[in-house]
Amino acid sequence: MIPNCIRNIGAQTSKRNFGSWNEVISYFFSKKNNYATEASFETKPFRLHKLDSGPSNHITITKDEAIELYKQLHTIRRMETAAGNLYKEKIVRGFCHLYSGQEACAVGIKSALRPQDCVITAYRAHGWTYLMGIDPFGVLAELTGRKGGNAKGKGGSMHMYSKNFYGGNGIVGAQVPLGVGIAFANKYMNNGGVCVTLYGDGAANQGQVFEVYNMAKLWDVPCIFVCENNGYGMGTSVDRASASTDYYTRGDYIPGIWVDGMDVLAVKEATKFAIDYCTSGKGPLVLETVTYRYSGHSMSDPGTSYRTREEIQEVRQTRDPITGFKERVLNANLATPEEIKAIENDIKKAVDNAVKAAKADSEIPLNELTADIYANCVEKEIRNTTPFKPLPHARLGEAVNA
């Protein structure tokens, strides 16, 4: 059965098509071609916890902003589809958690971030890696264990990094305390940055999350806690796992905001509000982005033993973050169908080329396996599988975020 939180958000949208779900409020037409250069939209209402006011429900974006958001949404979807196919071909081995369906969360947040802001997330990290500056080849080559990968093939699906991106993390909830530490560092260095710390509904009941809620509020650390509530922790519905599924209120003494995580504009506006709040000295904030994943928990999970195919199809048809945003852009005359089609074709070509390049790339040599383990390696050797035959350590590249 579809979780209550997912069913409630979809109730209104199932009555009408996604394109008219958030009605266009106004158009501002250019004189040249009668197409809009800017348009305003209305989002679903935000729900507030311990806040007198919240983000605006009325959001204005330019044509260029809309096109950029659509490119990012579509690139992540294409990239994740490619990753899934590579896994099925047994070219990607080990763990592989896809982000398909949840793209609006990452894209909306990233669009509001500034250069000094940081991000740390869980193991659904492919899309975030791309958004934080790594091209599709760098992501796909990492997934396939090739030397051209973001971490030279040594990190894999859950361990990719870039400037101000502290990676995905394989231990459930473990990134949350790390995110508070990064936010504390931002405050300590007085650089004006925040840390967006993402975790899923499955991790929301972890004790460590509540421990660092306390520390973050005690010290008024600029941390934006983001619970990506996709309805299921592995194969368990949130209704079966949590006594309260209002994750935005879980901070108790920390304010929170409920956000439609399938609406990229709503996520963007909520993040802008959260950044302003956290950088004003008021401390942390919790965002709950209600979203949905189309694939299983990981590629080894078919995803249909605890939910029906009909449920997945219903969300795809009524709430898909990419289809919905495309319809809004087209209805607002921010782009033509031909422009959108050209963008999609370019992205398909780029991702297809990245797949070919990743397949053709080679692995690193054995002597590089123990390279770049430490930013500052005090000892020249690394312990092997036994302490009797140590391996040499080497520095081949600069440490990221050291």
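Inter-residue side-chain proximity for Cys118 and Phe165 is flagged as unmet; no heavy-atom pair is nearer than 4.5 Å. Here the side chains of Ile182 and Thr197 are not in contact, with every heavy-atom distance at 4.5 Å or above. The side-chain heavy atoms of Val119 and Leu113, taken from C-beta on, include a pair separated by under 4.5 Å. Side-chain contact check for Lys147 versus Asp361: some heavy-atom pair is nearer than 4.5 Å. Under the 4.5 Å side-chain criterion, counting only non-hydrogen atoms from C-beta, Leu140 is in contact with Met79. At a threshold of 4.5 Å between non-hydrogen side-chain atoms, the residues Glu65 and Leu265 do not count as touching. In this structure, Ile373 and Ile382 have side chains that are in contact, with non-hydrogen atoms separated by less than 4.5 Å. The shortest distance between side-chain heavy atoms of Val172 and Gln206 falls below 4.5 Å.
Around atom OH of Tyr253, more than 12 heavy atoms belonging to other residues, nucleotides or ligands sit under 6.0 Å away. The number of heavy atoms from other shown groups lying within 6.0 Å of CG (Leu396) is above 12. For Gln208, the CD atom sits in a packed shell: over 12 heavy atoms of surrounding residues, nucleotides or ligands are nearer than 6.0 Å. Around CZ of Arg93, the count of heavy atoms belonging to other residues, nucleotides or ligands within 6.0 Å does not exceed 12. The 12-atom threshold is not exceeded at CG of Asn376, counting heavy atoms of other residues, nucleotides or ligands nearer than 6.0 Å.
Residues Pro390 and Glu381 approach most closely at CG-OE1, 3.4 Å, considering heavy atoms. Closest non-hydrogen pair, Cys105 versus Thr289, comes out as SG-OG1, 3.5 Å. The two residues Val264 and Val107 have their closest heavy-atom pair at CG2-CG1, 3.8 Å. Minimum interatomic distance between Gly303 and Ile312 (heavy atoms only, all atoms of both residues): O-CD1, 4.1 Å. Contact detail for Phe46 and Ala270: the closest heavy-atom pair is CE2-CB, 4.0 Å. Between Cys195 and Ile120, the shortest heavy-atom distance links the atoms SG-CG2, 4.1 Å.
Judged by distance alone, the side chain of Arg146 and the main-chain N or O of Thr144 form a donor-acceptor pair under 3.5 Å. No donor-acceptor distance shorter than 3.5 angstrom exists from the side chain of Asp320 to the backbone of Gly101, with no hydrogens or angles considered. Using a distance-only test at 3.5 Å, with no hydrogens or angles considered, no donor-acceptor pair links the side chain of Glu42 to the main chain of His58. Without hydrogens or angle criteria, Asn401 side chain to Asn164 main chain gives a donor-acceptor distance under 3.5 Å. Within the 3.5 Å criterion, the main-chain N or O of Tyr232 finds no donor-acceptor partner in the side chain of Ser237.
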Discussion item. Test side-chain contact (heavy atoms from CB on, under 4.5 Å) on Glu80 and Ile76; report intermediate values, then the result.
Written reply: CA-CA 6 Å; Glu80 293 295 62; Ile76 295 175; 4.1 Å; yes
Discussion item. As a quick check of understanding, evaluate side-chain contact (heavy atoms from CB on, under 4.5 Å) for Ser162 and Thr129, giving each step before the final call.
Written reply: CA-CA 7 Å; Ser162 66; Thr129 306; 5.8 Å; no
Item to complete: Step by step, work out the side-chain contact (heavy atoms from CB on, under 4.5 Å) result for Thr308 and Thr304.
Response: CA-CA 6 Å; Thr308 63; Thr304 53; over 6 Å; no
Discussion item. One pair to check against side-chain hydrogen bond (donor to acceptor under 3.5 Å, both in side chains): Tyr247 and Ser242. What are the steps and the verdict?
Written reply: CA-CA 9 Å; Tyr247 296 104; Ser242 298; 2.8 Å; yes
Item to complete: Test Ile109 against Val226 for side-chain contact (heavy atoms from CB on, under 4.5 Å), laying out the working first.
Response: CA-CA 10 Å; Ile109 292 170; Val226 181; 4.1 Å; yes
Worksheet item: Between Ser298 and Ser300, does a side-chain hydrogen bond (donor to acceptor under 3.5 Å, both in side chains) hold up when you go through it step by step?
Response: CA-CA 5 Å; Ser298 68; Ser300 60; 2.9 Å; yes
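Salt bridge annotation for Lys326-Glu344: present, with a cationic side-chain nitrogen under 4.0 angstrom from a carboxylate oxygen. Contact check on Asp346 versus Lys349 returns no salt bridge, with no Lys/Arg side-chain nitrogen under 4.0 Å from an Asp/Glu carboxylate oxygen.
Aromatic pair His297/Tyr123: ring centres closer than 6.0 Å.
Residues satisfying the ring pair (Phe, Tyr, Trp, His ring centres under 6.0 Å) criterion with Tyr70, sequence neighbours excluded, are His74. For the side-chain contact (heavy atoms from CB on, under 4.5 Å) test, residues two or more places apart in sequence or in another chain that qualify with Lys359 are Leu86, Glu89, Ile91, Val355. In this view, Lys63 and Glu339 satisfy the salt bridge (charged side-chain N to carboxylate O under 4.0 Å, His left out) rule, not counting sequence neighbours. With sequence neighbours excluded, the residues forming a side chain to side chain donor-acceptor pair (under 3.5 Å) with Asp301 are Tyr306, listed by chain and number. Scanning for side-chain contact (heavy atoms from CB on, under 4.5 Å) contacts around Lys272 gives Ala112, Lys268, Glu269, with sequence neighbours left out. Qualifying side-chain contact (heavy atoms from CB on, under 4.5 Å) partners for Asp276, counting only residues two or more places apart in sequence or in other chains: none. Scanning for ring pair (Phe, Tyr, Trp, His ring centres under 6.0 Å) contacts around Phe210 gives Tyr213, with sequence neighbours left out. Listed by chain and number, the residues in a side-chain contact (heavy atoms from CB on, under 4.5 Å) with Arg395 are Asp372, His393, Glu398, Ala399 (sequence neighbours excluded).
Applying the side chain to side chain donor-acceptor pair (under 3.5 Å) definition to pairs two or more places apart or across chains, those involving residues 98-110 are Arg77-Glu103, Tyr99-Glu228, Gln102-Asn230. Residue pairs meeting the side chain to side chain donor-acceptor pair (under 3.5 Å) criterion with at least one member in residues 165-188, sequence neighbours excluded, are Asn186-Asn191. For residues 126-162, no pair satisfies ring-ring contact (aromatic ring centres under 6.0 Å, His included), with sequence neighbours left out.
Distance check: Ser111 OG to Gln72 CD gives 7.5 Å after rounding to the nearest 0.5 Å. Put simply, CG on Asp201 and CE on Met234 are 12.0 Å apart, with the number rounded to the nearest 0.5 Å. The distance from the CG atom of Asp263 to the OG1 atom of Thr291 is 11.0 Å, given to the nearest 0.5 Å.
A donor and an acceptor atom, one from each side chain of Tyr248 and Asn229, are nowhere located under 3.5 Å apart. There is no side-chain donor-acceptor pair under 3.5 Å between Asp246 and Thr249.
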For residues 214-225, please give each side-chain donor-acceptor pair under 3.5 Å, one per line with the distance, not counting sequence neighbours.
| unit_1 | atom_1 | unit_2 | atom_2 | d |
| --- | --- | --- | --- | --- |
| Lys217 | NZ | Asp220 | OD1 | 3.3 |
| Lys217 | NZ | Lys282 | O | 3.2 |

